[in-house]
Amino acid sequence: MTESIGNSSAVISNQNGPHEKLQAILEKRAKSDFKRPISDHTQYAFDKVSERVKSNIFPIILDSGCGVGDSTIYLAQKYPHHFVVGLEKSAQRLHKARTKKQASNMLYVRADQFDFWRLAARSGWQIDAHFLFYPNPWPKKEHLTRRIHGHPAFTTFAALSNYIEVRSNWKVYLDELAIAFKVFAGRSSEIKEIQEIVPVSQFEKKYHKSGQKLYKLTSSSSEKHKWI
């Protein structure tokens, strides 16, 4: 559910802290493989992107759920020595993204992100960093399994890249993700409120102007890996 605040909406949930069934769900996921067939359109998109990746000399950044593309452009400009792949399922949003000026070190892909992650893992992609800016929080308690950490693809997500950054305007979402990383992926993580906002997307800009608190979780696969 949502409540109007300024020109945006704050997350309202019947859940005040980490879900009491989180560990049970994670244990269930850890004991089973995600065997859903890869969608044809995502397989095709991945094959096309792989051709570009093979000829690319830069390390890869994934921007999953890139929406209308602002975050992908932001990342490509901020990290000019990386190749940024923006993933988005919506054709309408990507159409808007492609009307904007793009950097040379980026590429938009229309794909199901969960299928794309699995294909990238199977192909041995070396991904330096993975960003998810404001994923749908699915704040109702009964929607736990729709959140990233409750999804069958969580194990793949957690192992896919050296550095992961997830931003949200609902801290409980990140609290749960941190638990999942620690207990079931062996990854340390840190959650901080974002103090200085340079909006990476339209969502972040809207939430910030609405006076909402914004948070980011960062996680490195090891203490040896230092993100720039």
### Summary
Closest non-hydrogen atoms of I191 and K171, given as atom of the first, atom of the second and distance, are CG2-CE, 4.3 Å

### Task
Measure from NZ or CZ of R29 to the centre of the six-membered ring of F184, then state whether that distance is under 6.0 Å and the direction lies within 45° of the axis.
no

### Query
Between F157 and H149, is the ring centre distance below 6.0 Å?
no

### Task
With sequence neighbours left out, write down each residue that passes salt bridge (Lys or Arg N to Asp or Glu O under 4.0 Å) with E142, or none if nothing qualifies.
none

### Query
Taking the inter-plane angle between the rings of W170 and Y173 on a 0 to 90° scale, is it parallel (under 30°), tilted (30 to 60°) or perpendicular (over 60°)?
tilted

### Query
Minimum heavy-atom separation for F116 to T42, with atom names?
N-CG2, 3.8 Å

### Query
So how far is it from S210 OG to N169 CG, rounded to the nearest 0.5 Å?
9.5 Å

### Query
Between D70 and S201, what is the shortest heavy-atom contact and its length?
CB-CA, 4.1 Å

### Task
Grab the two heavy atoms, one from A76 and one from M106, that are nearest each other, plus how far apart they are.
CB-CB, 3.9 Å

#### Entry: Aromatic plane relationship, F58 with H81 - under 30° parallel, 30 to 60° tilted, over 60° perpendicular
perpendicular

### Query
Measuring from I179:CD1 to L174:CG, what's the distance to the nearest 0.5 Å?
11.5 Å

### Query
If you count the non-hydrogen atoms of other residues, nucleotides and ligands that lie under 6.0 Å from NZ in K100, is the total more than 12?
yes

### Message
A quick test of your reading: do over 12 heavy atoms of other residues, nucleotides or ligands sit less than 6.0 Å from NE2 of H41?
### Response
yes

### Message
Looking only at side-chain N and O atoms, does Y134 offer a donor or acceptor that is under 3.5 Å from a partner on E204?
### Response
yes

### Summary
Contacts satisfying salt bridge (Lys or Arg N to Asp or Glu O under 4.0 Å) that involve residues 47-66 (not counting sequence neighbours) are none

#### Entry: NZ on K78 to OG on S71, rounded to 0.5 Å
12.5 Å

